[in-house]
Amino acid sequence: MNRELLLTQIGDAVFKGEREETDSLVKRAISEGLKSNEILDNGLVPGIQKAGGLFEAGEYFLPELIVSSETMKSAIEILAPIMKAEGVSRKILGKVVIGTVEGDIHDIGKTLVGTILSTAGFEIRDLGASVPISKFIEEAIAFESDFICASALLTTTMIGQRKIIETLKERGLRDQFKVLVGGAPVSHKWADEIGADGYGQNAMAAVKVAKKLMGVV
Ligand code: B12
């Protein structure tokens with residue numbers, strides 16, 4: 001099948017929340033030789049963005065959005081091992097604990113960032129969504145992590161990113177971990193304001209900044 005058409009169909013299937021159809025189209029795209037990042041960026045992401053756009057415009061309702069996002073997550077599960085296999089670098093560049101901050105259940109972007117970082121050669125401990133501040137820190141200590149990556153998708157939960165940094169300072173641990181922040185409402189300005197070590201607008205940017213902070217070019 002024509003690549004463009006296949007990617008459009010993948011986007012439409014995510015948008016409509018057709019999980020089985022999406023999974024089977026993604027498998028088909030893989031078997032037809034499409035790269036995982038192509039399937040992600042030009043198929044799945046436009047689909048969830050379309051659903052999100054209509055949600056923002058009040059034309060799409062929460063249950064529909066949930067079905068679209070569950071559909072996207074299922075497809076990412078199919079892609080994740082392939083993304084890892086396609087990764088060029090196998091050397092461990094650094095260790096990362098990643099999660100979405102407390103009170104925030106959005107986990108698609110965070111999972112994607114974790115997957116792409118892992119593809120790039122970082123070792124990941126994914127703590128999931130709605131992660132308490134103390135858990136970020138305890139897990140980072142136990143994992144001997146280089147990074148604490150905190151995602152926030154709500155303006156009301158961004159404050160959790162600041163709290164992670166404040167708590168690290170209070171416990172005398174600030175120098176032990178590099179803190180990266182991201183999520184749709186997060187910006188460079190916010191990252192600077194709270195004293196984070198880095199910000200990534202998307203998963204690829206997260207890799208760039210993480211590599212830079214590890215001194216890898
Ligand atoms: C899908 C979605 C949902 C799904 C989430 C499913 C899931 N398992 O994640 C569901 C339907 C459950 C949901 C629920 C809610 N949602 Co919602 N949701 C979205 C939506 C449409 C897309 C988010 C998404 O997955 N995008 C795709 C991913 C790939 O992008 P991303 O998350 O931005 O991640 C990328 C970057 O930000 C970055 N990144 C992300 N994290 C990190 C971390 C680091 C360290 C780095 C470096 C980079 C990085 O890299 C990622 C990959 O490129 C957004 C709209 C939007 N435009 O963002 C609204 C949105 C975030 N939701 C919103 C709201 C209000 C809610 C609810 C409160 C709704 C409600 N009334 O109940 C609840 C939240 C409840 C809670 N306590 O958390 C608002 C937030 C408004 C605000 N400014 O606070 C938004 C913006 C929609 C809107 N405009 O109204 N939502």
Side-chain angles (χ1 to χ4, degrees), residues 48 66 69-70 72-73 76-77 80-81 83-84 87 89 91-216:
I48 192 76
I66 292 175
S69 48
E70 290 301 321
M72 171 132 174
K73 279 174 75 177
I76 287 178
E77 275 171 30
M83 291 173 123
K84 282 187 187 161
S89 172
K91 197 178 139 232
I92 298 297
L93 301 179
K95 289 185 172 187
V96 173
V97 294
I98 186 164
T100 310
V101 297
E102 195 159 17
D104 196 327
I105 61 164
H106 295 89
D107 66 355
I108 296 174
K110 174 271 303 167
T111 305
L112 205 52
V113 171
T115 303
I116 302 287
L117 279 171
S118 146
T119 305
F122 288 86
E123 199 177 337
I124 307 298
R125 182 171 285 186
D126 189 333
L127 308 178
S130 197
V131 180
I133 312 295
S134 57
K135 186 164 181 192
F136 271 104
I137 296 173
E138 295 316 323
E139 292 279 349
I141 294 169
F143 192 47
E144 298 181 338
S145 192
D146 299 291
F147 292 91
I148 294 178
C149 287
S151 179
L153 265 286
L154 300 171
T155 42
T156 49
T157 56
M158 284 163 67
I159 195 75
Q161 297 174 329
R162 189 199 287 271
K163 282 192 195 147
I164 290 174
I165 294 169
E166 282 172 354
T167 311
L168 284 172
K169 282 184 188 158
E170 281 163 21
R171 294 184 53 180
L173 296 167
R174 181 66 188 93
D175 294 341
Q176 283 193 32
F177 307 104
K178 301 173 214 335
V179 179
L180 295 190
V181 293
V186 178
S187 62
H188 257 301
K189 189 169 173 280
W190 170 252
D192 289 345
E193 190 184 317
I194 64 174
D197 297 287
Y199 158 75
Q201 195 185 1
N202 54 45
M204 295 318 293
V207 169
K208 265 192 199 160
V209 68
K211 278 186 171 175
K212 195 172 164 200
L213 287 167
M214 290 307 286
V216 184

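It should be emphasised that the depicted structure is a prediction, and the values quoted were computed from it without experimental measurement.
To the nearest 0.5 Å, atoms CD (Glu123) and CG (Leu117) are separated by 12.5 Å. Distance check: Met214 CE to Ile92 CD1 gives 10.5 Å after rounding to the nearest 0.5 Å. Note: Ile124 CD1 to Thr111 OG1 = 11.0 Å, rounded to the nearest 0.5 Å. The line from CD1 of Ile164 to CZ of Phe136 is 4.0 Å long, rounded to the nearest 0.5 Å. Summarising the geometry, atom OG belonging to Ser151 is positioned 7.0 Å from atom CD1 belonging to Ile98; distances are rounded to the nearest 0.5 Å.
Side-chain contact check for Val131 versus Val101: every heavy-atom pair is 4.5 Å or farther apart. Within the 4.5 Å cutoff, side-chain heavy atoms of Leu93 are placed close to those of Lys211.
A side chain to side chain donor-acceptor pair (under 3.5 Å) check over residues 175-184, counting only residues at least two apart or in different chains, returns nothing. Each ring pair (Phe, Tyr, Trp, His ring centres under 6.0 Å) pair with one or both residues in residues 150-173, not counting sequence neighbours, would appear here, but there are none. Legend: salt bridge (Lys or Arg N to Asp or Glu O under 4.0 Å) pairs involving residues 108-117, not counting sequence neighbours, sorted by first then second residue: Lys110-Asp126. For residues 151-184, there are no ring pair (Phe, Tyr, Trp, His ring centres under 6.0 Å) pairs, not counting sequence neighbours. Judged as a salt bridge (Lys or Arg N to Asp or Glu O under 4.0 Å), not a single pair has a partner in residues 148-160 (not counting sequence neighbours). Sequence neighbours left out, the pairs with a member in residues 195-204 that pass side chain to side chain donor-acceptor pair (under 3.5 Å) are Arg174-Asp197. Among residues at least two apart or in separate chains, side chain to side chain donor-acceptor pair (under 3.5 Å) pairs with a member in residues 99-108 are Lys73-Asp107, Asp104-His106, Asp104-Thr157. Counting only residues at least two apart or on different chains, no salt bridge (Lys or Arg N to Asp or Glu O under 4.0 Å) pair has a member in residues 144-161.
The number of heavy atoms from other shown groups lying within 6.0 Å of NZ (Lys95) is above 12.
Here the closest heavy-atom approach between residue Ala191 and residue Val181 is recorded as CB-CG2, 3.7 Å. Of all non-hydrogen atoms in Ser130 and Gly103, the two that sit nearest each other are OG-N, 2.9 Å. Considering all non-hydrogen atoms of both residues, Ile165 and Ile194 come closest at CD1-O, 3.4 Å.
Taking the salt bridge (Lys or Arg N to Asp or Glu O under 4.0 Å) definition, one finds that Glu138 meets it with Arg171, sequence neighbours left out. Listed by chain and number, the residues in a side chain to side chain contact (heavy atoms under 4.5 Å, CB included) with Thr156 are Leu154 (sequence neighbours excluded). Taking Thr155 as the reference, Met158, Pro185 meet the side chain to side chain contact (heavy atoms under 4.5 Å, CB included) condition, with sequence neighbours excluded. With sequence neighbours excluded, the residues that form a side chain to side chain donor-acceptor pair (under 3.5 Å) with Glu139 are Arg125.
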Ile105/Leu153 under side chain to side chain contact (heavy atoms under 4.5 Å, CB included): CA gap, chis, key distance, verdict:
CA-CA 9 Å; Ile105 61 164; Leu153 265 286; over 6 Å; no
Check against side chain to side chain contact (heavy atoms under 4.5 Å, CB included), Leu180 and Leu213
CA-CA 10 Å; Leu180 295 190; Leu213 287 167; 3.6 Å; yes
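Listed for the Ser145 side chain is a donor-acceptor partner under 3.5 Å among the backbone atoms of Val97. Between the Gln161 side chain and the Cys149 main chain, no donor and acceptor come within less than 3.5 Å of each other.
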